[in-house]
Amino acid sequence: MRKQKIKTILLTVIIYSLLITNAKNIVAAGGEGIQQSIPVCDGIKVIRHSSASLRLSWKPVANVDGYTIYQYNKKRHTYKPIKNISATKTSWIHKKRKRNSVYRYRIAAYKKYGERKITGPKSIWVSSKVYQRNKKKINARAPKVNRKKCYLGLCSGYQLTAESIPAKFGLNEAKRVFSPKIRWFSSDKTIATVSANGRIQAGKTVGRCTVYAVAHNGIRTGITVEVKNYAKVSGYYNYGPRPEVIELISNYTPHIQKIAEYFSINRLDSEEILEISINDNAEIVLSNPAKDVTPVWKELEELLPNYPYPISIKVSSTEIQFKLREGPYPGYVAFVFDDDCHELTYERIASHWIACWFYPI
């Protein structure tokens, strides 16, 4: 009887422990899920407010209960919470700051669930300092960029440049930004990404996003990036009287556009060349048979054997050429992946498309 009671007690303890552990796991998993659902604070910046204070501001986050401000602790190399702010506010003044000392901050939104407080991910860091107007090293204003708009083809790239500019609040003629480093961010990485040194890389999706050049204090300059599918232009112009070109862009436009689109997305390596042609039996031949051209095989089968003039295709990492007619008067219609061909005034027949002929000297 006593042994049975001991077994019952032990069984009860085991079941209770399992229930407690399971409950903790559920709570932990729920907290993690909630944390991931809280957006990152955006638009955070910090500026000199007075001779002894700094002003932080940020964009509001919907459906949260407040914000936690973190300050960097140099000794511990970590961010420590210093202030909780109501969800109705989007700014805070940090008073009694030492002159010429650099302060670094991050902000995170939080939500309350009963007695529990779930904090979302921290924002990017921003830094600033208070100083006298005659100081040489001061805060920054919005970075100066080499362009405010950028149009890219699918999977194309462009190198942006930015310069950190000293704030207007400074009288020293030799004034400069105490931290000139520029950080780069994209508002939508599915449209375009940006590297740490400012190179934009478009993706496979047509659309628009904003790339930001951000100074040390969060003050930023936005560059509008629009990704277009230049392979599929709405029309061609100034392509001349050559019958080969007229035939190609009149009756085989869907074919050359689909092929150009495919290779602009699936780029070859910088030193790689792919030749596509037909043999005497009207069979398609690839200079590199290992290359996968299955997605455009139908277009190749319809274009190469049926086009009424001799034609072959040459693909490189920068362009695709539809080579027209071999012999003394060769030419080509080409799609250039990363170049709008503005310098080719007499050869350009559409954005990124050119038609060129080689005449004997």
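From a predicted model like this one, the values you see are computed outputs, not experimental measurements.
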>> Quick check on side-chain hydrogen bond (donor to acceptor under 3.5 Å, both in side chains): which of Lys298, Glu299, Glu301, Glu302 does His255 satisfy it with?
In response: Glu302

On the ring face of [Y], is [X] found with NZ or CZ under 6.0 Å from the centre and within 45° of the axis?
X      : Y      : value
Lys137 : Tyr131 : no
Arg106 : Trp125 : no
Arg97  : Tyr103 : yes

Answer with yes or no whether the side chains of [Y] and [X] bring together a donor and an acceptor at under 3.5 Å.
X      : Y      : answer
Glu283 : Asn279 : yes
Ser156 : Arg267 : yes
Lys117 : Asn84  : yes
His94  : Tyr105 : yes
Asn139 : Ser128 : yes

Closest non-hydrogen atom pair between [X] and [Y], with its separation:
X      : Y      : answer
Phe335 : Ser264 : CE2-CB, 4.0 Å
Leu300 : Pro305 : O-CD, 3.6 Å
Ser187 : Tyr212 : CB-CE1, 4.3 Å
Ile313 : Ile259 : CD1-CD1, 4.3 Å
Ser186 : Thr193 : CB-CA, 4.4 Å
Thr221 : Lys148 : CG2-CE, 3.6 Å

Roughly how far, to the nearest 0.5 Å, is the [atom2] atom of [Y] from the [atom1] atom of [X]?
X      : Y      : atom1 : atom2 : value
Ser277 : Lys323 : OG    : NZ    : 9.0 Å
Leu344 : Ile349 : CG    : CD1   : 11.5 Å
Ile69  : Ile85  : CD1   : CD1   : 4.5 Å
Leu274 : Asp269 : CG    : CG    : 12.0 Å
Ile138 : Asn172 : CD1   : CG    : 8.5 Å
Tyr236 : Thr253 : OH    : OG1   : 5.5 Å

Give a yes or no on whether a salt bridge exists between [X] and [Y], defined as a side-chain N under 4.0 angstrom from a carboxylate O.
X      : Y      : result
Glu226 : Arg208 : yes
Arg242 : Glu247 : no
Glu261 : Lys232 : yes
Asp42  : Arg220 : yes

>> Is there a salt bridge (Lys or Arg N to Asp or Glu O under 4.0 Å) between Glu173 and Lys136? Walk through the geometry before answering.
In response: CA-CA 8 Å; Glu173 293 183 359; Lys136 185 177 179 179; over 6 Å; no

Acceptor/donor pairs from residues 58-67 side chains to any protein atom, 3.5 angstrom cut, sequence neighbours excluded:
from: Asp65; atom 1: OD2; to: Lys112; atom 2: N; distance (Å): 2.6
from: Tyr67; atom 1: OH; to: Val61; atom 2: N; distance (Å): 2.9

> Other than Tyr237, which residues form its hydrophobic cluster under the rule that side-chain heavy atoms must be closer than 4.5 Å?
Replying inline: none

> Where the side chain of Tyr307 meets the backbone of Glu244, is there a donor-acceptor pair that is under 3.5 Å apart?
Replying inline: yes

> Hey, does the side chain of Asn146 reach the backbone of Ala162 with a donor-acceptor pair shorter than 3.5 angstrom?
Replying inline: no

Atom [atom1] of residue position [X] - does it have more than 12 heavy atoms of other residues, nucleotides or ligands inside 6.0 Å?
X      : atom1 : result
Lys204 : NZ    : no
Tyr252 : OH    : yes
Gln159 : CD    : yes
Lys175 : NZ    : yes

> Does the side-chain hydrogen bond (donor to acceptor under 3.5 Å, both in side chains) test come out yes or no for Arg147 and Thr224, once each step is laid out?
Replying inline: CA-CA 9 Å; Arg147 65 190 307 171; Thr224 300; over 6 Å; no

> Can Asp338 and His352 be said to form a side-chain contact (heavy atoms from CB on, under 4.5 Å), step by step?
Replying inline: CA-CA 8 Å; Asp338 290 330; His352 294 249; over 6 Å; no

>> Would you say the ring centers of His216 and Phe178 fall short of 6.0 Å from each other?
In response: yes

> Taking the inter-plane angle between the rings of Phe322 and Trp353 on a 0 to 90° scale, is it parallel (under 30°), tilted (30 to 60°) or perpendicular (over 60°)?
Replying inline: parallel

> Going through the checks in order, is the side-chain contact (heavy atoms from CB on, under 4.5 Å) test met by Trp297 and Ile284?
Replying inline: CA-CA 9 Å; Trp297 189 257; Ile284 297 174; 3.7 Å; yes

> Passes side-chain contact (heavy atoms from CB on, under 4.5 Å), Arg116 versus Ile118? Steps please.
Replying inline: CA-CA 7 Å; Arg116 297 181 62 211; Ile118 305 297; 3.3 Å; yes

